[in-house]
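Quick notes on the structure that follows.
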Amino acid sequence: MELNTKKELVLQAYGNFFEKALIEEIDSVAKLVEFQEGEVLIDIGQYIKSMPLVIRGAIKIMREDFDQEELLLYFIGKGDTCSMTMTCCLGDQKSEIRAVAENDGLVAMIPVGKMEEWLGKYPSWRVYVFESYNNRFNEMLATIDNIAFMNMDERIWKHLQEKSKIHRSNTVFQTHQEIANELNSSRVVISRLLKALEKQGKIRLNRNSIDLL
DNA sequence: TCATTAACACGGG
DNA sequence: CCCGTGTTAATGA
């Protein structure tokens, strides 16, 4: 697992984005942090002192409503960062979101001071931060569209495809209840709609898992 | 009409 | 037995 040096890992995940000098700086100041599936990396109301650059694995970003019901906003993966973190760091704000590890992975933590410093120092960093904001914003718009304009059956189908893509597997290991939580619905509806998808031949239902066909 | 809630039966581990 | 699943009846928006 740890055959690679920190620098190689950073280079492998971010070499396409950043110039050499910046990679060197990241190598010297970043702390590598491993995380495990299900781990809560950032919680709502928490202040954030450093910014995570995802090197391996995936993280899901959740929102919590008035009744502590959860709703999945979007995923971030290799080469991504959390835009919320940047807003928090720069403005000294509390986090509005919760970040939960979707699977095992690795992040490079950048101290908040450095990320500000680099904004003036490295064009590629500015571009990265800007594009990152853009990407997350677009994903949020897509999610809003899903909630506002798509039926629940379409949302489930999309959700399954997303999970499948992230885990690089055609089998999604999730119970109906867990899906209901992430989509902020009830299990009865999820069960019924999944059954409908199965009848359409799109999926096969098993206990604790769903196969995409 | 459609989602939610509660309740129940079934079955595999 | 416990939990995930499939279904139904009642209720509400």
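Bear in mind the structure is a predicted one, so any value in this text is a computation, not a measurement. Below, chains carry the letters A, B, ... as their sequence lines are ordered, and counting in each starts from 1.
Between A:Phe18 and A:Tyr128, the ring center distance clears the sub-6.0 Å criterion.
For the side-chain hydrogen bond (donor to acceptor under 3.5 Å, both in side chains) test, no residue two or more places apart in sequence or in another chain qualifies with A:Glu37. With sequence neighbours excluded, the residues satisfying side chain to side chain contact (heavy atoms under 4.5 Å, CB included) with A:Lys94 are A:Tyr47. With sequence neighbours excluded, no residue forms a side-chain hydrogen bond (donor to acceptor under 3.5 Å, both in side chains) with A:Ser186. Evaluation of the side chain to side chain contact (heavy atoms under 4.5 Å, CB included) rule for A:Val29 yields A:Pro111, A:Lys114, A:Trp118 as partners, not counting sequence neighbours. Remark: A:Asn135 pairs with no residue by the side chain to side chain contact (heavy atoms under 4.5 Å, CB included) rule, at least two apart or across chains. A search for side-chain hydrogen bond (donor to acceptor under 3.5 Å, both in side chains) contacts involving A:Glu70 returns A:Arg98, not counting sequence neighbours.
Sorted by first and then second residue, the salt bridge (charged side-chain N to carboxylate O under 4.0 Å, His left out) pairs with a member in residues 203-213 of chain A read A:Arg204-A:Asp211; sequence neighbours excluded. Contacts classified as salt bridge (charged side-chain N to carboxylate O under 4.0 Å, His left out) and involving residues 175-186 of chain A (residues at least two apart or in different chains) are given here: A:Lys60-A:Glu182, A:Lys163-A:Glu182.
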Without placing hydrogens or testing angles, list every side-chain donor-acceptor pair under 3.5 Å for residues 71-86 of chain A, not counting sequence neighbours.
residue: A:Asp80; atom: OD2; partner: A:Gly77; partner atom: N; Å: 2.9
residue: A:Thr81; atom: OG1; partner: A:Pro52; partner atom: O; Å: 2.6
residue: A:Thr85; atom: OG1; partner: A:Cys82; partner atom: O; Å: 3.4

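Along DNA chain C, read 5' to 3', the first and last nucleotides having any atom under 4.0 Å from a heavy atom of chain A are C:dC3 to C:dT8.
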Response to the item:
A correct 5'-to-3' footprint of nucleotides 4-13 of chain B, with B, S and - meaning base, sugar-phosphate only and no protein heavy atom under 4.0 Å, is BBB----BB-

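In the region residues 199-206 of chain A, proximity to DNA chain C at under 4.0 angstrom, judged on heavy atoms, holds for A:Leu205, A:Asn206.
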